[in-house]
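Working notes for the structure below.
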Amino acid sequence: MKITFIGTSHGVPSSERHCSCTMIEVGEKLYFIDAGAPLPDSMLRQGKKVNDIRAVFTTHVHGDHIYGLFPLCDLVSWHYKKAFITVFVTEQELIPLIKDTVRLLSGTDPDKRINYELTLPDKVYSDDLVRVSFIPTKHKEGGAKPSYAIRFEAEGKKLIFTGDLSGLLSHDDFPKEISQEETDLVVCEMAHFGVEHIYPHMQTAKTKTFCFTHVCPLDKYDMIEEIKNDFPFSVITPKDGDTVEL
Ligand SMILES: [Zn+2]
Ligand SMILES: [Zn+2]
């Protein structure tokens, strides 16, 4: 399995960072966690084919996690005629917005080649390669609107993406599964709290690699550097385009 960090920025893009988007290759097939980067442009630049995408899982409805769904769904509806993609979104209202955009832009049937799914806590996506499940968090309005961490399992490995979490972790929504389950990789956001808030959770994490993305403000990169040797696992801060092989 190969993980490529397509976009590692928070909230807004910068000259060197797209917004949140991670591509996971399992065999020949592609899966995405969040679609905040321009898709499919940025994956094509990695030499990947749209026809190989199986599913896109989004953690919550904020622009830096879903903007890329619009061009992707539009292009799949009329151009990539061999693609068939499942798209998970966390709020029902987003589905007609994407479909209406596709209809407006290209006049095509928005349900052609795209299967839209609403993420729910007990829903599981599985195919012959992967199993994906969802852990509720409280990033949006303290949990009044849905947001999820995502557990991704394939080839005997397990990854957990935290998605965005509550400000200062004040709603205690860092996924407890990260200290309960053995994982190969944790991908944690780092925009809504400080190193001092995440540190105790890192002390109990049962992972082999702890990865920070969505880092804001940028001086947190230096703060992470200062604590990274305190743990029995590796702590990494990938840039756009960096990869991890599991
Ligand atoms: Zn975000
Ligand atoms: Zn957010």
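In this chain, residues are counted from 1 in sequence order. Whatever order the structure lists ligands and atoms in, that order sets their numbers, starting from 1. These numbers come from a predicted model, not from an experiment.
- A tilted orientation is assigned to the rings of Phe134 and Phe57, their planes being inclined by 30° to 60°.
- Among the backbone and side-chain atoms of Asp64, an N/O/S atom is found under 2.8 Å from the Zn ion (ligand 1).
- Coordination check, His192 versus the Zn ion (ligand 2): failed, since every N/O/S atom of the residue sits at 2.8 Å or beyond.
- In this structure, Phe174 and Phe210 have parallel ring planes: the angle between them is below the 30° cut-off, well short of the 60° mark.
- Take the N/O/S atoms of His65: the one nearest the Zn ion (ligand 1) is NE2.
- With a cut-off of 2.8 Å, the Zn ion (ligand 2) has an N, O or S atom of His60 in range.
- With 2.8 Å as the limit, His214 counts as an N, O or S neighbour of the Zn ion (ligand 1).
- Sorting the N, O or S atoms of Asp164 by how far they are from the Zn ion (ligand 2) puts OD2 first.
- The minimum heavy-atom distance linking Ala205 with Phe233 is given by the pair O-CE2, 3.7 Å.
- More than 12 heavy atoms of other residues, nucleotides or ligands sit less than 6.0 Å from atom NZ of Lys123.
- With respect to the Zn ion (ligand 2), His62 has ND1 as its nearest N, O or S atom.
- Not less than 6.0 angstrom separates the ring centroid of Tyr221 from the ring centroid of Phe212.
- Atom-to-atom distance recorded for Ser147:OG and Asp173:CG is 6.5 Å, nearest 0.5 angstrom.
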